[in-house]
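Computed from heavy atoms alone, side chains included, the values below leave out hydrogens, waters and symmetry copies.
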Amino acid sequence: MIRKLYTVSRQGPFLLALILFMHVAGPANAQVTLDFNKDSMWHLLATRPDDTLKVPVLILLGQQYEYNQPDSALYYYDRAGQLSKQLHYPAGYIRYVSNYASVLNTRGKFDESIRLNLQAVDTCLKYGLGGLNYVRAFGNTATAYQYKGDFAAAVDYYEKTLPAAEGLGDAQSLSTLYNNLSGLYRDLQQPEKAIGYSRKSLALAEKSHDLNLEGNARINLGNLEKDFNHLSRGLQNIERALSIARQLHDSVMEETALINIGDTYEKMHDPARSIIAFQKALPLAQALKDVPGQAHVAQGLAVGLFQTARYHDAQSQLLKSIAFDSAHGEKKMWRDALLLMSDVQIALGRPDLSRQYRDQYDAVSEAYLNASLLKNIQELETKYKVEVQQHDLLKKDLQLKEKDKAAIRQRAWLITAIIVVALLAVLFILTWRFSRQRQQLQQRTIRALEAEQENVRLKAKLEGQQHERQRISQEMHDDMGSGLTSLLFLGRSLNPPDEKDRATSRKMQQTAEGLIHKMNEIIWTMNYEQDTLDSLIAYIRTNAAGMLEDAGIDFRYSVQDPLPQMAVNQEFRRNLYLVVKEAVHNVVRHSGASSVQIDISVTGSTLAIVIHDNGKGFDPAAGHRFGNGLKNMSRRMQQAGGKIDWTIDNGARLVLQAPL
Amino acid sequence: MDNIRVSIVEDIIEIREGMRFIVNQTPDLTCLSTYGSAEEALTGLMHDVPDLCIMDIALPGSTGIDCIRKLKAADSPIQFVVFTIYENSDQVFEALAAGASGYLLKDTPPDRIITALRDLYAGGSPMSASIARKVVSSFQRPGAAATPLSTREQEILTLLAKGFLYKEIAQQLGIATGTVRQHIHHIYDKLHVQNRTEAINKFFGGPGSSGAQGL
């Protein structure tokens, strides 16, 4: 039992070595970068874009903190992990896991470590990563299992790591791996495999001509062989290790070898040689200040002396041993020494003293158990403290995140408020504009409605007027027209024999005809359908032409074509028509002309009608009748806002002008 | 050559008899019948068919226009002459659209009445500027089909609307005055067709409306 404990304690550094290796053996420049100060790395982080090169920098930065401020280390590792995930950089992710998990391991959080490492394993398989990444993922998973005490799982993962690790060709890591496997198989009581891996480790050490490795490997192998009762083979290996240790002047290895030789001889029931080996080991242990070593050696010596029946020597050796153990708190050794002392006292025939030592043994045994209990408690307390720290950290993190969230919330509120205000402003402006437009529109609509109302009113008025005119026309036409026509036909039906009566009858007919004609003129004037300029001109033309044709006078018209499309009022039409009629009447009655030229044109907004005959002309002052006619025409033209001019130029030339 | 048979529809007896006298005085004209109302005329003219019918518009009961429309709808071959005091009235145009081929002013001297009747019988028609304008706008009305008028007919209508006399139009277009009258007669024929089509369209809902689909 003693020796085994001792051997396990020797295995600790190997495990640690494995983990350390996983950290450092990554990028070739790692060692160089380690010399960089943190500031330069921070600078690098701040200035570099987020690329994969940032991951090793973060890892290195974390490693700077790992042993002093593990929380900071975790922070940087975490960042490396986040960045790797973000960049889909599996190798970076595995590096993050191996580093982060190692911190978890030191905190005893093995389950968490295992979970994380298994994720690395998944990543490895998913991306088909091999080599170093594979070794890291699988090896660290195995280590975590080993820490947890799940040796079967640890062995499984180490075995899986093995091919890749062998492929890497790194002797030191491979050797560590073999040693770990060997130790695990020993704990699992599988001597064949344990010894097999130990031999592999040795072969590797020999192959790489690394004496240090070879020495350690031989000690391990020898120990295994000793434990599984291949004592002579074990002794050979340990003795070989001893010579290597002396060759290398490695006093630790020498001490270990000598202690193990002592143990082996003891097991071989050769106490004399055992004593010699322990005696050689003692000064080394003392020089190295190896307290457990010294205790172990002292115990070994006492056992040897006891077995060779040198009870007095054994007693004195045990007295020294007990003093040393009690002084250095080596309770287990102390306990063992007291038990042996009790046996020695019996051998010396002192049963009372033996009982005394036996009692002491019981007490120390209890204390030892208590101590291991205490140790467990202390460990638990430490774990608890770590948990509390972790909890506090998480809480701080949470608070920080809460603060961040609060800040984000506040900012979100602020932005929302600004947006809402802006929207309200826009809404307000739009509403204002809309209402203004609507107001304007309403005003416009009201104005339009008013205008339309006015229009309607005027139209109604006009329509009323037109209606009235129409009614008068109709009545005139129907009643007066019929009457006058009857009168006309009655006149025609008369056929008096007397010449005078015949003249009267003719006169009557002419009067009726004249009245009908006049009536038609009035109806025409009153007819709103004839309210256009071209209608007026056409009417003037037809009537004048009719008169001239009846009188047998040649006539020629020249009318501007096209005439402007415009309305002319009733008064204007009546006046112009009557003036032209009068003029043509005068030509027919008084001028003696044989032809007439009538020109009608519109210049600007002035209508001009020129009536030029080839008759004898006239003197306005001469004929009373004629003068009256002219005066009449002039008055009508004035009423139409125009004037009448005349010249005598190969006949009379009458110029009528009126604004339209 | 047979005499031109003339019927007269006029409610005022003096005028009716005066007209009968004028017609009968003329060797190539015979007054076939006279009627004092549209109702009498409608039944009479169905059986006793004259060549020409002088039709007063304002009659007691239904109007001369109704009478013309009904007889024309029954494919009467009679040529109707509207007898009116005022040529530019809507009623004259309405009568022309309903199927009259011309009009005669009541104050026309007897000798001109005879000339006008002879012209009408020969296929010539009178048209004032005002009526010409109404005819033009009737053919240009929205919804009316592409004008059925020939280019020459359109020219004549345009000149008439400006107040040109037949003589002037004949001179300007290089045709005889009688030809102008005949063109006008054709224009009236087309006006009747257009008017009847319109009436049918009105009755059945017109082209393009859903009612026409049923036919």
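Looking at A:Ile523, both its backbone and its side chain come within 4.5 Å of chain B, counting heavy atoms on both sides. Residue contact with chain A, scored on non-hydrogen atoms closer than 4.5 Å, is absent for B:Ser89. Neither the backbone nor the side chain of A:Ser493 comes within contact range of chain B, judged by heavy atoms closer than 4.5 Å.
With contacts defined as side-chain heavy-atom distances shorter than 4.5 Å, the pair B:Leu165/A:Phe555 qualifies.
Annotation for B:Ala129 and A:Ala538: closest pair CB-CB, 3.9 Å, computed over non-hydrogen atoms. Contact record, A:Ile516 with B:Asp107: CG2-OD2, 3.5 Å, taken as the closest heavy-atom pair. A:Phe489 and B:Phe83 make their closest contact through CZ-CZ, 4.2 Å (heavy atoms, listed as atom of the first residue, atom of the second, distance). Closest heavy-atom contact between B:Thr108 and A:Arg492: O-NH2, 3.0 Å.
In this structure, A:Arg471 places its CZ atom where more than 12 heavy-atom neighbours from other residues, nucleotides or ligands lie under 6.0 Å away. Within a 6.0 Å sphere centred on CZ of A:Arg635, heavy atoms belonging to other residues, nucleotides or ligands number more than 12. Heavy atoms of other residues, nucleotides or ligands lying less than 6.0 angstrom from CG of A:Asn650 number 12 at most. For A:Arg636, the CZ atom is densely surrounded, since the number of other residues' heavy atoms within 6.0 Å is greater than 12.
Taking B:Pro110, B:Ala161, B:Ser130 one by one and counting their heavy-atom pairs under 4.5 Å with chain A, the maximum is reached by B:Pro110. Ranking A:Met519, A:Glu549, A:Gln509, A:His517 against chain B, the residue ahead of the rest is A:Glu549, based on heavy-atom pairs under 4.5 Å. Heavy-atom pairs under 4.5 Å with chain A peak, among B:Asp90, B:Leu105, B:Asp56, at B:Asp90.
Partners of A:Arg573 by salt bridge (Lys or Arg N to Asp or Glu O under 4.0 Å), not counting sequence neighbours, listed by chain and number: A:Asp531. Every residue was checked against the salt bridge (Lys or Arg N to Asp or Glu O under 4.0 Å) condition with A:Glu463, not counting sequence neighbours, and none meets it. Here B:Glu168 pairs with A:Arg541 under the salt bridge (Lys or Arg N to Asp or Glu O under 4.0 Å) rule; sequence neighbours left out.
Of all residues in residues 9-25 of chain B, those placing a non-hydrogen atom less than 4.5 angstrom from a non-hydrogen atom of chain A are B:Ile12, B:Glu14, B:Ile15, B:Gly18, B:Met19, B:Ile22.
If you take OG1 on A:Thr542 and CD on B:Glu87, they are separated by 8.0 Å, rounding to the nearest 0.5 Å.
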